[in-house]
Each structure stands twice: as C-alpha cells, then as structure tokens.
Amino acid sequence: MNMQSPDIPTVHTSAGTFQGFVADGCRQFLGIRYATSERYAPPVPYTYGDAKHLCTTPAPFPVQLTSAIERTLTGIRYEELPQEESCQYLSFAVPEDATPDSRLPVMVWYYGGSYRNGGCDNEFYDRTVLAKENGVIVVGINYRLSLLGFVKNREGDFANNGLLDAIEGLRWVHTNITAFGGDPANITLFGESAGGDLVRCIMLAEGTDGLYRRAIIQSDPLGTLENRGAMERKILDELNELPLDAPVEQVLEAQRAITSHVTERGKAKHMIFAPHSGVYPLPAQEDEEKRWREVAPKHDLIIGTNAREAATYIGGNKVASALDRNVLTRWLLERFLHKMTMDIFTGPTRQFAQRYARCGGKVHLYSFFWRKDKHVIGAGHITELALLFGGKGVEGTLMAQGLSGRDFLEHGKPLRRIWTDFAKSGQLSTAKVNGMIELTEVTKH
C-alpha cells in the first residue's frame with residue numbers, strides 16, 4: 001500500500017486514487033462511490049478522475065423514512081441523517097498492518113431493515129472490530145430501498161434496482177480490493193434480515209458466481225416471501241400514478257400512503273418490499289431449483305436464526321413486557337413468539353438449508369440463543385449484531401438489555417471468530433459456544 005504518511009493511507013486502483021485515515025487499528029476508507037443512477041434505473045459504474053479523493057466522510061444513507069422499531073431499540077433516527085437518492089457508496093476497514101501482498105479474506109456486509117431502512121455507515125455496524133481482531137477486510141455496501149429500489153423501472157414495470165446496486169458494489173470490491181490488501185478470490189457475503197435475504201438473492205442472481213466464494217445468511221425472513229403477487233401489483237400500480245420526476249419528499253409521502261394501503265393479511269405484510277422473482281437478474285420461481293444446483297456446489301454457506309426473533313418487535317411494548325415479567329402469563333407470550341419466529345424465520349430457514357444441501361452445497365445451520373431467558377428481547381431479531389460488531393452505540397438502549405458496550409465487545413469474541421474463520425477457510429473454529437450459538441452441518445437427506 002502506497003503510504004504518503006503514517007496517517008494518510010493512499011491507494012491507487014482502476015476506479016481512482018483514494019486517501020483514507022487510520023483509526024481503531026484499521027485503515028479506513030469511507031464513502032467511495034461505486035455507481036450512480038437515475039431514479040428507477042439500473043446503476044451505472046462510477047470511476048473517479050485522476051485526482052486523489054479523500055475518503056473520510058461516512059456515506060450518506062439511502063433515501064428512507066424513519067423506523068419506529070429501530071429508534072426504540074437502538075435510538076437511531078434515520079430521518080435526521082444525511083440521505084441521498086443516488087446512494088451507491090461503499091466503505092471499508094482494513095487491518096492497519098495490511099499491505100497489497102497480504103491477500104486478506106474479504107467480508108462484504110449487507111444491512112437489513114425490511115428493505116425500507118439502513119445504511120452501510122450506521123455506527124451500529126462497526127467494521128473495525130471484526131477487521132482488527134481477526135485479520136479480515138470488512139466492506140459495507142449501500143443499496144437503494146423501498147419505492148426507489150424494489151418496485152419499478154422507468155417504464156413502469158417491476159424491477160430489482162436495489163439488488164442490482166448490491167451486485168454492482170460487490171463487483172467494485174472484486175475488481176479493486178487487491179490494491180487494499182484483499183483477496184478477490186476469497187470474498188464472503190454476509191447480511192442480516194433483509195440483508196440476509198439480499199445475500200440469498202445475490203447468490204441466486206444471474207452472473208454472480210465469480211464475485212464471491214462463501215456466504216452467511218442471518219435471520220432471513222423467508223416466510224414473508226410467499227403469496228406476494230397481489231400485494232406487489234397494488235404497490236406498483238399506486239407508484240405508477242406518481243410522476244417520474246416527483247420531488248423526493250413526494251416519493252416519501254407516497255411511500256407512507258402506499259404502505260398504509262397494504263391490506264395483505266398473510267405473512268408477506270411483515271416485509272412488503274423485496275426483490276421480485278422472475279425479474280432480472282432473478283430467475284422465475286420454477287427455475288430456482290436449477291439455479292441452486294449450479295450455485296450450491298461452489299459456495300459454502302452458514303445460515304440460521306435467533307431463538308426468539310419475534311421478541312424484538314414487541315420488546316418496547318408495555319403489555320408484552322408485563323406479560324413477560326409475570327410467571328403466570330409468560331407462557332402465553334412465549335407461545336406467540338415461538339409461533340411467529342417459527343413461521344417467518346426458523347421453519348423456512350431450515351427448509352432452505354436442506355434444499356441447499358440437496359443441491360450439492362455444504363451448509364451449516366445455526367441457532368443463536370444468547371440471553372433468551374434473561375430479557376423480554378433476549379435472543380431476538382438483530383441481537384447477534386451487537387455481538388458481531390461490538391455493540392457500538394448500543395449501551396443505554398433497549399437493545400443493550402442492561403449490558404455495557406464492553407460486555408458486548410467481550411462476549412462477542414467467539415461469534416466473531418466463527419464468522420471470520422469461516423470467511424478465511426470455510427472451516428468453523430467451533431460448532432458450539434455454550435449459552436450463545438450452536439451450528440450443525442446439514443446433510444443431503
């Protein structure tokens with residue numbers, strides 16, 4: 001790596017020359033644009049000019065409304081953060097002692113948020129913890145959300161532009177990461193919730209086989225992906241009433257209106273935006289089995305869920321908290337949470353893991369159960385992320401469950417080791433951490 005000074009790492013790539021900064025034991029590069037886009041159009045790869053570009057400012061977030069759940073859990077207020085409609089940026093952390101010859105494993109993170117919320121530079125996703133502790137490069141990639149990313153193209157037909165963003169960002173990493181000390185032949189995708197679903201879709205998508213080696217899918221709400229046709233058509237029809245050049249504020253108002261009009265009674269209502277099967281670059285549902293038989297033998301997979309996924313969605317509810325505290329009523333709450341968790345997350349995930357194994361893939365299925373009996377949230381949705389990324393900014397929030405940031409940093413070490421060892425070699429450092437997680441290899445039968 002070409003260093004101008006100990007504090008200003010400078011890297012030359014085919015996409016441009018980038019200056020980062022050193023902090024938290026890593027060389028960091030923030031807010032690198034990998035593509036641009038017109039509204040509802042596919043991303044167009046972006047190349048910088050000859051000048052050196054300072055990459056010290058976090059990437060702006062995609063255009064989005066606030067998330068009441070995430071605000072309650074972690075305190076984040078998306079509406080108060082910088083946002084940009086053409087949001088195709090990425091950021092990453094490289095261990096400080098890396099050189100262009102290091103050929104470090106690369107982990108590419110896709111954030112969740114029901115395809116409505118999120119951004120790669122959310123402080124909750126502190127890439128430096130994984131990078132410096134375990135000797136990997138960790139990249140976060142922005143992609144367009146909701147109406148702007150997962151509904152339509154400029155002609156008014158269904159489109160998967162947010163997915164195309166995610167793939168274009170991965171292509172940038174594969175092309176340029178060598179200059180930063182990474183190994184383009186050893187890239188692992190990982191994501192949680194909608195981000196986990198996005199990882200699954202990248203794997204399923206046309207032409208992505210050579211861009212990564214392994215994948216980790218966390219808490220994919222697969223149960224919400226059934227019987228979506230009528231709901232998606234209604235969303236598309238309503239959005240098509242809005243002019244293409246409407247101000248972005250009007251687009252957000254349209255999103256509020258459209259989401260309030262969704263009358264879907266099934267599980268799909270829990271994630272109304274998602275990539276569309278049979279729309280480029282995804283195969284039709286009847287062709288997915290053939291595609292998985294092409295993909296699975298080439299790409300090892302970790303996939304799994306948390307023991308009490310649904311608990312996160314009721315954790316701030318006073319009635320639910322009261323039911324949880326009362327020994328006579330806690331069973332009723334647990335029964336509801338178990339069914340919702342099983343229907344949306346755990347059951348469909350187990351079925352997918354078996355399908356992936358039958359298609360020739362090596363797959364480990366995990367169950368995360370940390371603190372499942374100690375708090376109303378317990379091992380709820382996204383709780384493993386506080387361990388995986390070190391719990392930055394969580395202390396004092398509902399998600400912290402009364403623990404300190406230091407607690408998350410310390411308790412998360414074995415989980416981070418499992419994830420990064422898999423990224424390095426496809427092997428697991430352990431198949432079980434008492435009181436936290438257990439992984440089993442799924443067989444073809």
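Worth saying up front: this structure is predicted, and the values here are computed from it rather than measured.
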CA sep, side-chain torsions, deciding dist, call: Asp209, Arg291, salt bridge (Lys or Arg N to Asp or Glu O under 4.0 Å): CA-CA 11 Å; Asp209 285 358; Arg291 178 61 178 150; 2.9 Å; yes
Closest approach of Asp197 to Pro275 (non-hydrogen atoms, all atoms of both residues): OD2-CD, 3.9 Å
CA sep, side-chain torsions, deciding dist, call: Leu189, Arg214, side-chain contact (heavy atoms from CB on, under 4.5 Å): CA-CA 6 Å; Leu189 313 180; Arg214 303 180 185 92; over 6 Å; no
Side-chain donor-acceptor contact under 3.5 Å, Ser86 with Gln88: yes
Whether Asp24 side chain and Cys26 backbone form a donor-acceptor pair below 3.5 Å: no
Min side-chain heavy-atom separation Asp183-Pro105 under 4.5 Å: no
Aromatic centroids of Phe273 and Phe150 separated by under 6.0 Å: no
Backbone of Phe158 reached by a side-chain donor or acceptor of His276 within 3.5 Å: no
Closest non-hydrogen atom pair, Pro281 against Ile167: CG-CD1, 4.0 Å
Gln285 side chain to Ser277 backbone, donor-acceptor under 3.5 Å: no
Euclidean distance, Thr349 OG1 relative to Ile303 CD1, rounded to 0.5 Å: 5.0 Å
Rounded distance (nearest 0.5 Å) linking atom OG of Ser425 with atom CG of Asn186: 8.5 Å
Exercise: do Arg371 and Gln401 side chains pair donor with acceptor under 3.5 Å: yes
Spacing of CZ belonging to Arg33 relative to CG belonging to Asn142, to within rounding of 0.5 Å: 10.0 Å
Gap between atom CG of Asn240 and atom CD1 of Ile235 - 0.5 Å precision: 12.0 Å
Main-chain N/O of Asp165 paired with Arg144 side-chain donor or acceptor, under 3.5 Å: no
Heavy-atom closest pair, residues Val363 and Ala357: CG1-CB, 3.8 Å
Check: Thr440/His364 side-chain N/O donor and acceptor closer than 3.5 Å: no
Short side-chain to backbone donor-acceptor contact, His174 and Gly210, under 3.5 Å: yes
SB check Arg127 Asp121 (cutoff 4.0 Å): yes
Heavy-atom pair with the smallest gap, counting every atom of Asn134 and Lys424: O-NZ, 2.7 Å
Exceeds 12 heavy-atom contacts within 6.0 angstrom, atom CG of Asp237: yes
Parallel, tilted or perpendicular: rings of Phe345 and His381 (30°, 60°): tilted
From CA spacing to verdict: salt bridge (Lys or Arg N to Asp or Glu O under 4.0 Å), Glu133, Arg416: CA-CA 9 Å; Glu133 188 177 275; Arg416 295 192 292 271; 2.8 Å; yes
Presence of salt bridge, Glu289 and Arg293, under 4.0 angstrom: yes
Val106 vs Phe180, side-chain contact (heavy atoms from CB on, under 4.5 Å): CA-CA, chis, key distance, verdict: CA-CA 10 Å; Val106 181; Phe180 297 88; over 6 Å; no
Glu384 versus Asn306, side-chain donor and acceptor atoms under 3.5 Å: yes
Shortest non-hydrogen contact from Met231 toward Met271: CE-O, 4.5 Å
Interatomic distance, Ile217 atom CD1 to Glu192 atom CD [nearest 0.5 angstrom]: 12.0 Å
Stepwise salt bridge (Lys or Arg N to Asp or Glu O under 4.0 Å) test for Asp343 and Lys339: CA-CA 6 Å; Asp343 288 351; Lys339 177 172 172 48; 2.9 Å; yes
CG-SG distance between Leu145 and Cys87, expressed to the nearest 0.5 angstrom: 6.5 Å
Gln255/Leu65 under side-chain contact (heavy atoms from CB on, under 4.5 Å): CA gap, chis, key distance, verdict: CA-CA 9 Å; Gln255 182 177 327; Leu65 296 168; 3.9 Å; yes
Ring-face cation of Arg154 near Tyr40 (centre distance under 6.0 Å, axis angle within 45°): no
Gly75 backbone acceptor or donor facing Thr397 side chain under 3.5 Å: no
side-chain hydrogen bond (donor to acceptor under 3.5 Å, both in side chains) between Ser404 and Glu395, worked out: CA-CA 5 Å; Ser404 69; Glu395 190 167 347; 5.1 Å; no
Electrostatic pair Asp126:Lys132 at N-O distance under 4.0 angstrom: no
Test item: Thr208 side-chain N/O and Ile202 main-chain N/O as donor-acceptor pair under 3.5 Å: yes
Ring centers of Tyr125, Trp109 separated by less than 6.0 Å: yes
Criterion side-chain contact (heavy atoms from CB on, under 4.5 Å) on Phe368 and Met436, from CA distance to verdict: CA-CA 6 Å; Phe368 177 85; Met436 180 180 293; 3.7 Å; yes
Short side-chain to backbone donor-acceptor contact, Tyr111 and Tyr143, under 3.5 Å: yes
Polar contact flag, side-chain donor to acceptor under 3.5 angstrom, Ser193-Ser219: no
Sub-4.5 Å side-chain heavy-atom contact between Tyr34 and Glu168: yes
Ring pair (Phe, Tyr, Trp, His ring centres under 6.0 Å) between Trp172 and Tyr89, intermediate numbers included: CA-CA 10 Å; Trp172 190 100; Tyr89 296 91; over 10 Å; no
Neighbour count above 12 (heavy atom, 6.0 Å) for Arg355 CZ: yes
Between Thr66 and Glu79: side-chain donor-acceptor atoms closer than 3.5 Å: yes
Pair Phe190-Tyr110, ring pair (Phe, Tyr, Trp, His ring centres under 6.0 Å): steps then yes or no: CA-CA 6 Å; Phe190 71 132; Tyr110 293 100; 8.8 Å; no
Verdict with reasoning, Glu334 to Lys372, per salt bridge (Lys or Arg N to Asp or Glu O under 4.0 Å): CA-CA 11 Å; Glu334 289 303 311; Lys372 71 180 183 69; over 6 Å; no
His338 NE2: over 12 foreign heavy atoms closer than 6.0 Å: no
Asn117 side chain vs Gln64 backbone, donor-acceptor pair below 3.5 Å: no
Centroid separation Phe124 to Phe389 less than 6.0 Å: no
Whether Arg308 side chain and Val376 backbone form a donor-acceptor pair below 3.5 Å: yes
Shortest non-hydrogen contact between Asn434 and Lys432, atoms and distance: OD1-CE, 3.5 Å
Cationic N near anionic O, under 4.0 Å, Arg116 to Glu70: no
